[in-house]
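Beneath this line is the structure, given in structure tokens, with notes to follow.
Counting convention: from 1, in listed order, for ligands and their atoms alike.
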Amino acid sequence: MDVLWLIPLLLVPLLMWSSGTFVFYFKKCFYVGWMMVLALLAIPLCMLKSGGRDVENMRIIRVLVRHVKYFLGLRFDVSGWEHLQTEGPYVIISNHQSSLDVLGLMEILPDRCTMIAKKELVYAGTVGLICWLGGIVFINRKKTSDAKSVMAEAAQTMLDQQIRLWVFPEGTRNQKEDLLPFKKGAFHLAVQAQVPIIPVVFSSYRNFYLRKEKRFNSGTVRLRILPKIETKGMTSDDISSLCDKSFDLMQAAFRERLRLQTHEQRAVEGAEHSPRSRLLFPPTSPSETCLPRPPVPLPAPPPLLSPRFPIAWPCHEISSCLVDAWSGRPLARPVSAVCPDPHCACSSSSTCTTTSSTSTSSSAALQAVSGMTDGRIDACCSSCMTEGSGHHQFLLCFLPF
Ligand SMILES: CCCCCCCC/C=C\CCCCCCCC(=O)SCCNC(=O)CCNC(=O)[C@H](O)C(C)(C)COP(=O)(O)OP(=O)(O)OC[C@H]1O[C@@H](n2cnc3c(N)ncnc32)[C@H](O)[C@@H]1OP(=O)(O)O
Ligand SMILES: CCCCCCCCCCCCCCCC(=O)OC[C@@H](O)COP(=O)(O)O
């Protein structure tokens, strides 16, 4: 009888091992539950530290939230730290995919920085209370006039108390393959306070987190901090162009990362549904695996090649390295060549769709370039550049069978 309670204890690891859907719900519940507990812990600490609502409480929240990623199997890879080395107040803007964004936000949160959030969050139990104690500015999204006056007040507070504000200009969570159009509030805020804007781009979570498919694997989030955009001297007439400029910069960074993720995702196919990919910490990111490779001098083009295939590059282009996510072993060798596919019309911004229709002779030529005899050219163009000659230049990934 006494051993009956062991059953659920054994059942949980078994279900974790066998079912991706179970892992999804388990991780989600754990996340919400653990955040509630952490907030409960943080409340007395914040009260002791500052006696009430104060942006300085964000230091405590930041420390407490930082370890949560380890339980969920998430890794954060941050680039552009130098852009946060800005004195005084500023507005950080970032894309917003899920409540998991809080984990990335806490990875890079500068001192004296708090957020703008929807007012409903204040009712989220202990989390709501900790948000209030952390100085989060709550707005009513349904009443634009109210939200505007709260944000105008925030602009003044930013200057008076040297506070930085983090805004999600999409205004809601978004898991689409592109950013939503930006709301204007963040830009009014920065212009009213005459402070710079620092854009931060979170890479798409789709590699490890799919709400509809109920998948929550382990994975890496890349956070890219972009250079600040100055607003000194700008007036309300400049809001639209400032908003468009920020959107364009962030969208370009998001899309660029998404293209690379597509390649990486191919490399992890197969591993994707393994228990290991759901439960264990993700392996070192492919870019890291590729980095230590020294640049190799260009080899002379083999005589076999037609003039249409002038150069072969060994794999030193980080962005195009396809690597087995678990072993770190290179899976493909990218070669650069003029696209051999006459049907592949690729504009400078689009992603190449296919090279599968590559003719046998082109294939043979590329095989000669890449030094592989048995293989296939994968549909993979990581960069499309229009050269002076009007040719498109592609990076083709060459996969051994
Ligand atoms: C240890 C403890 C453990 C604890 C665990 C937990 C810890 C957690 C801690 C911390 C985590 C915190 C995480 C928080 C996450 C929360 C995320 C969210 O909640 S995202 C939703 C709310 N965010 C927003 O909505 C963005 C801000 N929104 C805006 O800025 C909008 O612009 C808004 C609401 C002000 C108005 O939105 P509109 O839908 O009406 O659309 P529009 O186009 O932007 O504005 C309409 C017109 O008003 C003008 N306007 C907007 N703002 C203005 C302003 N401030 N002044 C003057 N005009 C303004 C615009 O220019 C536009 O006019 P014209 O079309 O250009 O003529
Ligand atoms: C009373 C019980 C309520 C339980 C809720 C607790 C949730 C704890 C999880 C961690 C909290 C992190 C806060 C992130 C908040 C967040 O991400 O809110 C979503 C909004 O940005 C956008 O909302 P929407 O427009 O609805 O997509």
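- Comparing Lys184, Lys143, Met151, Glu120 by heavy-atom distance to atom 35 (C) of ligand 1, the nearest is Met151.
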Chi angles and distances behind the side chain to side chain contact (heavy atoms under 4.5 Å, CB included) call for Met115, Met58:
CA-CA 10 Å; Met115 297 102 220; Met58 273 298 167; 3.9 Å; yes
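- Within the 4.5 Å cutoff, side-chain heavy atoms of Lys184 are placed close to those of Ser240.
- Counting heavy atoms closer than 4.0 Å to ligand 1, residue Ser236 contributes nothing at all.
- At least one heavy atom of Ala39 lies less than 4.0 angstrom from ligand 1.
- Less than 4.0 angstrom separates atom 41 (O) of ligand 1 from at least one non-hydrogen atom of the protein.
- Here Ile239 has no heavy atoms under 4.0 Å from ligand 1, in either its backbone or its side chain.
- Each salt bridge (Lys or Arg N to Asp or Glu O under 4.0 Å) pair with one or both residues in residues 136-150, not counting sequence neighbours, appears once here: Glu120-Lys142.
- Within the 4.5 Å cutoff, side-chain heavy atoms of Phe216 are placed close to those of Leu72.
- The closest heavy-atom contact to atom 25 (O) of ligand 1, among the options Gly171, Ala117, Cys46, comes from Gly171.
- Atom 58 (N) of ligand 1 has its nearest heavy-atom neighbour, among His188, Gln192, Met36, Glu153, in His188.
- The side-chain heavy atoms of Lys69 and Phe76, taken from C-beta on, include a pair separated by under 4.5 Å.
- Counting only heavy atoms from C-beta outward, the side chains of Pro199 and Ile229 approach each other to under 4.5 Å.
- The side-chain hydrogen bond (donor to acceptor under 3.5 Å, both in side chains) check on Glu153 picks up nothing, with sequence neighbours excluded.
- In the candidate list Ala155, Gly135, Gly185, Gly185 is nearest to atom 30 (O) of ligand 1, counting heavy atoms.
- Considering only non-hydrogen protein atoms, atom 31 (C) of ligand 1 sits nearest to Lys183 CB, 3.5 Å.
- When the heavy-atom distances from atom 6 (C) of ligand 1 to Ile43, Val127, Leu40, Asn140 are ranked, the shortest goes to Val127.
- Contacts classified as salt bridge (Lys or Arg N to Asp or Glu O under 4.0 Å) and involving residues 42-52 (residues at least two apart or in different chains) are not found.
- For Leu105, no heavy-atom contact with ligand 1 is shorter than 4.0 Å.
- A 4.5 Å side-chain heavy-atom check between Arg164 and Val91 finds every atom pair outside the cut-off.
- Between Thr172 and ligand 1, not a single N/O pair is under 3.5 Å apart.
- For Leu189, no heavy-atom contact with ligand 1 is shorter than 4.0 Å.
- Of the listed residues (Asn95, Leu105, Ile93, Ile92), just one forms a side-chain contact (heavy atoms from CB on, under 4.5 Å) with Phe168, and that residue is Leu105.
- In this structure, Phe182 and Phe247 have perpendicular ring planes: the angle between them is above 60°, well past the 30° mark.
- Taking a heavy-atom cut-off of under 4.0 Å, ligand 2 is surrounded by Val32, Met35, Met36, His96, Ser99, Val102, Lys118, Leu121, Tyr123, Ala124, Gly125, Val127, Arg141, Thr172, Arg173.
- With a 4.0 Å heavy-atom cut-off, ligand 1 is reached by the side chain of Met106 but not by its N, CA, C or O.
- Remark: Lys119 NZ is packed, more than 12 non-hydrogen atoms of other residues, nucleotides or ligands lying under 6.0 Å away.
- For His96, every heavy-atom contact with ligand 1 shorter than 4.0 Å involves the side chain, none the backbone.
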Exercise for the section: Give the C-alpha distance, both sets of side-chain angles, the deciding distance and a yes or no for side chain to side chain donor-acceptor pair (under 3.5 Å) between Gln97 and Asp101. Expected result: CA-CA 7 Å; Gln97 297 176 69; Asp101 293 348; 5.0 Å; no
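- The proximity of Met115 to ligand 1, defined as any non-hydrogen pair under 4.0 Å, is limited to the side chain.
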